[in-house]
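Worksheet: one structure, shown below.
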Amino acid sequence: MFLLSLRPLRRAYRVLPRPLVAIQRAMRVVFAVYLVVIGGTLAFYIAVGLLHR
Amino acid sequence: VKRSLRNNGLSLFFLALFLATAFGQSIAGRSAYNEQQLEHGGQTVSWGRYVTSSDYGQALLENWQSEFLQFMFFIVATIWLVQRGSNESKPIEDIGLESEEMQKLGPHAGRNSPRWARFHGGLRRSIYSNSLVLVMSAIFFLTWFGQSVTGWTEYNDEQKDHDQPTVSWATYLGTGSFWEETLQNWQSEFLAVGTMAIFTVYLRQRGSPESKPVGAAHDETGASG
């Protein structure tokens, strides 16, 4: 949640121009998507294996 | 949106390739699985059932674990080992963890440095200083565990098909089957990394940061083009 939370972005907003905040936000979203894809897939197939499916 | 796509093109391109190839693998895997089922007088399965099976999970995760193992080893090995002339290596004089100044830590951190890098020591700075290898290692061990439990289920299914007794997870970890599936993936990763380390000494790709500049000398180390 830290990655997508607005607090660091708000802080950055005070010191960075608006386009840079948008760029940073997009980068964080891509990073979070990777973590979710990897973490979700892993959790899912560990459960599949443990449930003997 | 267009600018976001351009700024994140590399990550998004490979994410799209991953999704497309994982989907392709599921189609081909289901076809092979169903052929085997028919040969053994078993029932065929739907695509939905196949992608939620241990067969598909194992095929996916046994490749994942070796990729993350490769990164884990490469990240750590390149701290202490060098390859003179390689784009994948740092210069010999930088061997080790490097100075606080080189790593922009504590008083050497810049205004836009990550917050945890600005600390003058402590646990948070240590964690952040090793966060890349920590996360890669966690993913490696979890995927390897995932491979083991899905492989175990598959192994026991085959045992049942042949009227053989099923085995515990710990017993499965000692089987040749588990280690063959593990090592056949590891060996290819290590060869690929070693190849990249030595090939970038003598070979070039214009415009790629994975290569030195075309005109760089063969003994120039770690100079991305």
Side-chain angles (χ1 to χ4, degrees), chain A, chain B residues 1-16 18-19 22 45 49-65 67-68 111-112 114-116 135-136 138-157 160 166 169 172:
Chain A
M1 283 317 289
F2 168 77
L3 290 166
L4 291 174
S5 80
L6 289 172
R7 204 153 56 106
L9 283 175
R10 277 201 209 102
R11 199 184 305 127
Y13 189 73
R14 284 201 292 273
V15 289
L16 296 173
R18 190 183 283 263
L20 212 50
V21 174
I23 288 168
Q24 289 193 349
R25 181 172 211 144
M27 286 157 59
R28 283 176 188 220
V29 168
V30 175
F31 183 48
V33 166
Y34 264 82
L35 287 178
V36 167
V37 167
I38 293 170
T41 309
L42 257 176
F44 180 76
Y45 286 110
I46 287 174
V48 163
L50 290 174
L51 294 169
H52 304 299
R53 274 183 59 89
Chain B
V1 173
K2 206 171 151 189
R3 197 176 52 191
S4 286
L5 289 176
R6 199 185 55 194
N7 281 328
N8 298 286
L10 190 61
S11 311
L12 293 174
F13 172 67
F14 279 102
L15 183 65
F18 159 68
L19 294 172
V45 296
R49 176 65 189 92
Y50 181 69
V51 291
T52 56
S53 71
S54 285
D55 190 276
Y56 181 66
Q58 186 202 10
L60 200 70
L61 296 186
E62 76 174 53
N63 286 283
W64 279 31
Q65 56 89 358
E67 303 301 332
F68 288 101
R111 191 160 150 258
N112 292 327
R115 197 160 65 93
W116 286 21
V135 170
M136 290 295 187
I139 298 174
F140 160 65
F141 284 111
L142 284 169
T143 44
W144 200 20
F145 175 68
Q147 179 204 330
S148 76
V149 289
T150 49
W152 172 45
T153 295
E154 275 303 293
Y155 186 84
N156 277 342
D157 277 352
K160 281 183 219 159
T166 57
W169 177 70
Y172 172 68

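Any value given below was found using the heavy atoms of this structure, including those in side chains, with hydrogens, waters and symmetry copies removed. Residue numbers start from 1 in every chain, and the chains themselves are labelled A, B, ... in the order their sequence lines are given, proteins ahead of strands.
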Would you name the heavy atoms of B:V51 and A:F44 that are closest together and state the gap between them?
O-CE2, 4.0 Å

Side chain of B:T153, backbone of A:G49: donor and acceptor closer than 3.5 Å?
yes

Between A:V30 and chain B, which part of the residue has a heavy atom less than 4.5 Å away: side chain, backbone, both or neither?
side chain

B:W64 side, atom CH2; A:T41 side, atom OG1 - distance, nearest 0.5 Å:
4.0 Å

B:L60 versus chain A, the contacting section by heavy-atom distance below 4.5 Å
side chain

Straight-line distance of A:L50 CG to B:T150 OG1, nearest 0.5 Å
9.5 Å

Interatomic spacing from CD1 in A:I46 to CG in B:L61 - rounded to 0.5 Å
7.5 Å

Does the side chain of A:R53 pick up a donor-acceptor pair with the side chain of B:T52 at under 3.5 Å?
yes

Using distance only, find each side-chain donor-acceptor pair of residues 31-39 of chain A under 3.5 Å and give its atom names and separation, not counting sequence neighbours.
from: A:Y34; atom 1: OH; to: B:S11; atom 2: O; distance (Å): 2.6
from: A:Y34; atom 1: OH; to: B:L15; atom 2: N; distance (Å): 3.3

Under 4.5 Å from a heavy atom of chain A, the part of B:W169 involved
neither

Do you know which two heavy atoms are closest between B:N7 and A:I23, and how far apart they sit?
ND2-CG1, 3.6 Å

In terms of heavy-atom proximity below 4.5 Å to chain A, should B:F14 be classed as side chain, backbone, both, or neither?
both

Pairwise distance CG(A:L20) to CG(B:N112) - rounded to 0.5 angstrom:
8.0 Å

Validation row: A:M27, B:N8 side chains within 4.5 angstrom (heavy atoms):
yes

Check for a donor-acceptor pair, side chain of B:S4 on one end and backbone N or O of A:A26 on the other, with a separation under 3.5 Å.
no

Test item: A:Y45 and B:V149 side chains (from C-beta on) under 4.5 Å apart, heavy atoms
no

